[in-house]
Amino acid sequence: MPPGMLNAPRAELVEKLRLTEGRMLKRAAILLFHEDPERWITGAYVKIGMFLSASEIAFHDEVHGDLFAQVDKTLELLLTKYMAAMISYRRLTRLETYPIPENALREAVLNALIHKDYSSGTPIQIRVYRDRLRIWNPGELPPTWTADKLLGPHESRPPNPDIANSFFRAGLIEAWGRGYDKIREACEEAGASPPTVELDGGLRLEWRWQVPSDEPAPKPVTTEVTTEVTTEVTTEVTTEVNRLVAALSGAMTRSELQAALGLKNNEHFRRAYLLPALAAGAIEMTIPDKPNSRLQQYRLTHASRMRRGARGTK
């Protein structure tokens, strides 16, 4: 679409995208542009969970809003909170390499949101483990297609053509059925394994990768039920969480906290201290809507401050 169309009145933009029927809006218009499409379309959101095992969850998030916002917010959470990047250096340049190439992950999230069956009432579900990531989308393939057909050359047959067309007009996807080709090409270019695809009451896309043997495993945590946080995990709070809480004074940045604890390994601090403390509701972000903000700091939750105060009076 011409760049000038972005400045056009919303009604004109919706009309240009063929998102009306007579004087009525199509459901696709609500999904694409309304800030709360769930008022009309149940399950129009994304669930993300960090799993310690098949049955134990450490923490989770839900991503709501219009579909364009869901793409951006989902990717931001996966890349800043759920997946660990390997750190390397090229001369003085610091490089971060994720187990899944960012372009491939973005294409997978786009495909899930664009091709989902929105009549199912079920959200897209993304499970992240130490060694794999799984995207389950309640969508269906055309009746004669198999998973192999999807992974090979095929024509474009989107189940939600109005949604697909709008993402195409926005320049975010192609319109030639090359989504999985692009995922595979991005993985090959980065030297990563491509995902597997299975039909499992919907469409399941899964990446697996090798975890370094010296990488500390995420430790399960627990939390008291407070107004700040609840969790489904029921094991003990770790020593590391208690150490972090004791070291926290006021609002501190990640680097300040790590220095206060005398820790040099960034990823060990993130997995063993920071993420479990957040999941346990022991600490909270000062800018929760922007977890990757350069201004991000961490502080004690109300429950932690109350516990610290109670100990100080004994």
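Because only heavy atoms are used, hydrogens play no part in the values below, and waters and symmetry mates are left out as well, while side chains stay in.
A donor and an acceptor atom, one from each side chain of T20 and E15, are located under 3.5 Å apart. For the residue pair R243/Y273, the side-chain donor-acceptor check at 3.5 Å is satisfied. Checked by atom type, the side-chain pair R270/N266 shows no donor-acceptor distance below 3.5 Å. Side-chain contact check for E38 and H64: at least one donor-acceptor pair (N or O, by modelled atom type) lies under 3.5 Å.
Under a 3.5 Å cut-off, the side chain of Y118 and the backbone N or O of L113 do form a donor-acceptor pair. Remark: the backbone N or O of I114 is paired with a side-chain donor or acceptor of N160 at under 3.5 angstrom. In this structure, W209 contributes its side chain and R130 its backbone to a donor-acceptor pair below 3.5 Å.
Look at E12 and K16 and you find no salt bridge, because none of the NZ, NE, NH1 or NH2 atoms lies under 4.0 Å from a carboxylate O. E206 and R208 are joined by a salt bridge, as a carboxylate oxygen and a charged side-chain nitrogen come within less than 4.0 angstrom of each other. Residues K47 and D61 are not paired through a salt bridge, judged by the lack of any N-O separation under 4.0 Å between the basic side chain and the carboxylate.
Counting non-hydrogen atoms of other residues, nucleotides and ligands closer than 6.0 Å to CD of E62 gives a total above 12.
Expressed to the nearest 0.5 Å, how far CZ of R134 lies from CD of Q125 amounts to 10.5 Å.
The aromatic rings of W40 and H34 sit perpendicular, their planes meeting at an angle over 60°, well past the 30° parallel limit.
Qualifying salt bridge (charged side-chain N to carboxylate O under 4.0 Å, His left out) partners for D162, counting only residues two or more places apart in sequence or in other chains: K26. Remark: Y82 engages F59 in a ring pair (Phe, Tyr, Trp, His ring centres under 6.0 Å) (not counting sequence neighbours). Contacts of T80 classified as side chain to side chain donor-acceptor pair (under 3.5 Å), with partners at least two apart in sequence or in another chain: none.
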